[in-house]
Amino acid sequence: MKYLWHVLDHLRKDLRLEWRSRDSINGMLFFALLVVVVFGLAFDPTSYPTVTRQISGGILWVALLFASITALNQSWGREQRNNVLEAQRMAPSPASALFLGKAIANMLFVLVVEAVLAPIFIVFFNLHALGNLWLLALILPLGTWALVVNGTFFAALGLRARNRELLLPLLLLPISLPAILAMVQATTGVLTADLDPIQISTWIKQLAGYDIIFTTVCILLFETVLNAE
Amino acid sequence: MEQRTPTLRNVAWLWFGISVAVLIVGFQQAIFLVPTDAAQGNVGRIFYYHVPIAMLSLIFPYINFAASLFYLYWRRRDPLKALTADALALSTAEVTVVYSSICLLTGMLWGRATWGIWWTWDPRLTSMLLLWLLYVSYLMLRRFSSTGQTHTLAAVLSVFAAVDVPIVYMSIRWWRTQHPAPVFGGGPDSGVDPSMLPAFFWNLAGWALWGLCIVLFRFSLERRRQLAEQEAALQAIEASLEIPQ
């Protein structure tokens, strides 16, 4: 119970910081929008509706992945200024509470970006989903959490590394590939209605399993990373 | 510096000689003695290199994982033992990258000759590529992180990689795809003709001996580097004590 309060404290602090600066959300939004526009120019999606359905799941996730990497690189930066991170290492709250609060905050930021991006995506790509659209309400949060939980962890891991802007994608992309595969396949299945519901539910289950496994590993190992010296 | 006994060195050279000898026998068996594959012709002989190396490149990551767990366990309790575990983790990670590269390359050669394409996004191939990517990123992290925390961060990443590999490996067994079905333990039709077995086992033994030999050489090299580093640190401390305050 006390643990939960610690998590909420960290979450509240991150949300307040973001509310005052709005750095990461604005950055992510514009970046994701640019990726969508670039892919739109590259593929001319309005003239081939079938092709658009097949590729837009992948494009949506690639845009979100790149956008969240740009924000995750910054997310620990504000803790490093004025040695706030050192203070948190000495604080009586468990280290994993700090991690969970930060991960949930990042998750909320990416969800806001998704909420803004989805209508733009539908308009620009002339999308008309053929499958069960409400399944996306399950796939999007699960996929986002898979990206954000590992991303927050590896951003902390590379914190004191030499070129950490480069290190984060180098570590995060290989680890996330199974999750990316699952979320792209499930999203494409929903948009094209080519996969039958059993296959889609298998992908969603794999995604949920991935989330559970890696959240556990992150929580167990975060203290080691935070106190690595 | 640690005293290196001549016996240990002789054993290492003997091991090296034996693994080369076994590899030569394996080469003779696979290239000259085994009858040519009825369906594939001489291209099928890649099998004797590709499959043993693929099997071994799935074993070394787990040595790396175990060594990393030992590192994390000993990190505070016994730092000197932890350094030994870290040297083992580094050497197995490097050998993993070498073996999975060879596996990918021989597979691509075979694919070009048999399928007519170098690469396809088959689950089997993808998971091997992923293994390669994971351990390359492990070596990258070791290079990029600042000294002092490299060991801990690398051990943490190794846990992530070891969790990731089975996820992909299992997810591929559920589909029928372009890669040939598992040869050993893959079902009622699996297994090979008995005439092919000697060549296969000679090569498996040879590459296993060779891989362990490389791991041991790399391990002792890393140990020597660690000891030299400790020696230098000790001398620096002693020198700083002699300066009159």
Side-chain angles (χ1 to χ4, degrees), chain A residues 58 95 99 146 149-182 184-185 195 198-199 202-203 205-229, chain B residues 61 65 68-69 71-76 79 82 86 96-97 100 121-123 125-175:
Chain A
F99 170 75
V149 74
N150 280 338
T152 311
F153 187 88
F154 285 111
L157 193 146
L159 204 53
R160 280 152 287 184
R162 254 179 287 145
N163 28 14
R164 73 183 139 111
E165 274 76 17
L166 182 60
L167 190 62
L168 177 64
L170 289 185
L171 299 179
L172 183 61
L173 292 185
I175 297 283
S176 314
L177 279 178
I180 292 172
L181 180 71
V184 169
Q185 294 288 341
L195 292 181
I198 299 172
Q199 276 174 308
T202 312
W203 285 117
K205 273 181 209 150
Q206 284 192 16
L207 197 55
Y210 180 95
D211 280 351
I212 293 170
I213 293 172
F214 278 93
T215 309
T216 317
V217 177
C218 284
I219 289 177
L220 287 179
L221 289 175
F222 185 71
E223 192 162 5
T224 315
V225 166
L226 186 68
N227 294 326
E229 72 275 320
Chain B
F65 176 52
S68 301
L69 284 186
Y71 175 80
L72 288 178
Y73 179 75
W74 278 328
R75 190 165 62 101
R76 299 248 186 261
D86 184 69
T96 303
V97 171
S100 49
W121 289 99
D122 168 279
L125 279 64
T126 311
S127 70
M128 200 57 187
L129 181 67
L130 189 78
L131 180 83
W132 186 83
L133 287 174
L134 284 170
Y135 284 91
V136 170
S137 74
Y138 174 88
L139 295 181
M140 285 281 199
L141 173 70
R142 293 196 76 112
R143 178 145 286 223
F144 279 174
S145 54
S146 54
T147 42
Q149 33 171 303
T150 311
H151 312 304
T152 312
L153 298 186
V156 168
L157 182 64
S158 165
V159 174
F160 274 81
V163 172
D164 219 6
V165 171
I167 291 180
V168 181
Y169 189 73
M170 287 316 292
S171 69
I172 59 158
R173 294 215 152 207
W174 303 331
W175 296 296

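Reminder, nothing fancy here: chain letters follow the sequence lines and each chain counts from 1.
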Enquirer: Please look at A:Leu166 and chain B and tell me whether the side chain, the backbone, both or neither of the residue comes under 4.5 angstrom of a heavy atom of that chain.
Expert: side chain

Enquirer: What part of A:Ile213 gets closer than 4.5 Å to chain B, counting heavy atoms only: side chain, backbone, both or neither?
Expert: side chain

Enquirer: State which residues pass side chain to side chain contact (heavy atoms under 4.5 Å, CB included) with B:Thr126; sequence neighbours excluded, sorted by chain then number.
Expert: B:Trp121

Enquirer: With under 30° as parallel and over 60° as perpendicular, where do the rings of A:Phe153 and B:Phe160 fit, or are they tilted in between?
Expert: tilted

Enquirer: Can B:Asp164 and A:Tyr210 be counted as having a side-chain donor-acceptor contact under 3.5 angstrom?
Expert: no

Enquirer: Closest heavy-atom contact between A:Leu168 and A:Ala155?
Expert: CD1-N, 3.6 Å

Enquirer: Taking every heavy-atom pair that is under 4.5 Å apart, which of B:Leu134, B:Val159, B:Val136 has the most such pairs with chain A?
Expert: B:Leu134

Enquirer: May I ask you to decide if B:Thr96's main-chain N or O and B:Ser100's side chain share a donor-acceptor pair within less than 3.5 Å?
Expert: yes

Enquirer: Is B:Arg75 paired with B:Asp86 through a side-chain N to carboxylate O contact shorter than 4.0 Å?
Expert: no

Enquirer: Looking only at heavy atoms and a cut-off of under 4.5 Å, which of A:Leu157, A:Leu159, A:Leu173, A:Leu221 has the most pairs with chain B?
Expert: A:Leu157

Enquirer: Please state whether the side chain, the backbone, both or neither of B:Leu130 comes within less than 4.5 Å of a heavy atom of chain A.
Expert: side chain

Enquirer: Answer with side chain, backbone, both or neither: which region of B:Val156 has an atom nearer than 4.5 Å to a non-hydrogen atom of chain A?
Expert: both

Enquirer: Given heavy-atom pairs under 4.5 angstrom as the criterion, report whether the side chain, backbone, both or neither of B:Leu129 touches chain A.
Expert: neither

Enquirer: Which one, A:Ile175, A:Leu170, A:Leu167, leads in non-hydrogen pairs under 4.5 Å with chain B?
Expert: A:Ile175

